Structure formats: C-alpha cells, structure tokens
**Student:** 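Sharing a structure below in structure tokens format, with a few things to ask.
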Amino acid sequence: MLFDTHCHLDAKQFENKINEVVDNAKKNNVKKILIPAIKPGLPKVKIKNVFLATGSHPYHSNETLKNKQKIIDGLKDAVAIGETGLDFFKCPIGKKVQIESLEFQCELATKNNMPIILHERESFIELIEIIKKYPGITGVFHAFHHSEKELKQIIDLNFYVGLGGMVTYKSNDALRSAIKKGPMERFILETDSPYLPPQNKRGQVNQPANLLDIAKHISLIKNKTLDDISLITTENANRLFKL
Ligand SMILES: [Zn+2]
C-alpha cells in the first residue's frame, strides 16, 4: 500500500472529480492521501483515508497573520501543519512576510507537537536556519530536489524527505545519487498533484495514481522490491503523521 503524502486534491483541476481521482488512486494501490493547505485554514475535503493539514502556503503568506484563528481552528481535524516554508524563486510576496508566516506555523507545530510540511524553492539555507530555532520540531521537506549535502542536513535536523516526480526527471542525477545513499527510513512519497507529473506523464495533470510510477523509480534506485519501497515509505509516513 502506498501513501501520497502531498496531494492538492482540492485544486481546481480536480473539481467535480475528486471521487474518481481517489478511486483511480486506490486501483493503483495508493490508499492514503494527505492534502496540505494552500489558503489559510483546512482544505475542504472529507473522504475516508484522506488526511488534512492546516496552514498557509508561502504564496498566501500575506494572509496568514490575519487568519491565524482559521489555521488554529483546523488543528483538531489535521494531522500536520502546512504547507509552509519559503519560496524565493518567483513568489511575489517579500521575504519578511514569508518568514513571519513560517515562524507562526513553526510555533504552532512545536506547541501542539505536530509535524510540519515545508515547501522550499531557492531558499534552502534560509529555511534550515529558521527550522534550527525550534528544537524538537519535525516534519518533511516536501518535493526534495537537491543533492547529498542538503539531504544530510535535513536528516540531521530529524526531518523526513518527500520524494516525488522530480526523482524521475532526466536532469536530476545528483538527486538520484543522494537517494541511493540516503537512509530509507526517512523517505516518504508524494505526487504534489496536480503539479510535477513524473517523466512519463509530463504535460498531463498529475494525479495520486501516479505515485506508483514514483515508487517504481525509487525501487530501481534503491535496488529494493516495489513491495519493500511501498511498505517502508508508508510506515515512515504513518510514523511521522501519527496514523
Ligand atoms: Zn504543495
């Protein structure tokens, strides 16, 4: 059984077809899904074995502080905080506001002893420095796309590593080499649907069923069976999200 730990089932691409998408995932052995929040609060989806995170994405970080209560109200139905993090690539919101939003969510995670889901683009060093200020915090660096050195820093921080479609992209040899050497007990799988489809589905709307392609890729990289990869990554995710 596979667990898609990062899937935006509430995205407009899945409007009116969420049940179909979840059924298709099940047919491909993807039996648990976690939806991280984009807009402040909790994603509005209620389906068995679909779990939620409460939080606010860096792209909505200018709305975080005035919607604190919405995020806090989501805690009782959430298994994680996020997705939060930093995006210094093309995000129109300034660094200061992004950092305020991130720090609020780190405090929430620490206070409630909940894992945090981190988004990171062109901001790895800054993000690591902020996370270090919160002893005892854990969670996942989602859509990991770096090399061995960054992987080690994440492991040393007691965080998990979210692996998705980027593992399958031709140019990402350094990423595959990091995964090959990295500790299996810290890897969890994700599609980031509807974004980042695996190489063989590029140009399509990504969906959780495609997690099977990602798992197959990792089984080749790690030289383990698909069953082993499924079992270990699902156990890791269950441990992280306390399921
Ligand atoms: Zn996301």
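Since this is a predicted model, take the numbers as computed values, not measurements. Whatever order the structure lists ligands and atoms in, that order sets their numbers, starting from 1.
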**Student:** Any side-chain donor paired with an acceptor under 3.5 Å for His146 and Glu120?
**Tutor:**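 The answer is yes; a qualifying pair exists.
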**Student:** Looking just at side-chain N and O atoms, do Gln207 and Asn24 make a donor-acceptor pair shorter than 3.5 Å?
**Tutor:**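 Their side chains do contain a donor-acceptor pair, which is all the 3.5 Å distance test asks for.
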**Student:** Of all the N, O or S atoms in His8, which has the shortest distance to the Zn ion (ligand 1)?
**Tutor:**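 Sorting the N, O and S atoms of His8 by distance to the Zn ion (ligand 1) puts NE2 first.
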**Student:** Of all the N, O or S atoms in Glu83, which one sits nearest to the Zn ion (ligand 1)?
**Tutor:**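 Considering only N, O and S atoms, Glu83 comes nearest to the Zn ion (ligand 1) through OE2.
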**Student:** Taking 2.8 Å as the cut-off, does His119 contribute an N, O or S atom near the Zn ion (ligand 1), distance below it?
**Tutor:**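 False for His119.
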**Student:** Asn158 and Thr138: side-chain donor and acceptor closer than 3.5 Å?
**Tutor:**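 No, Thr138 and Asn158 have no side-chain donor paired with an acceptor closer than 3.5 Å.
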**Student:** How close do Ile188 and Ala237 get, heavy atom to heavy atom, and via which atoms?
**Tutor:**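 Of all heavy-atom pairs spanning Ile188 and Ala237, the closest is CG2-N, 3.7 Å.
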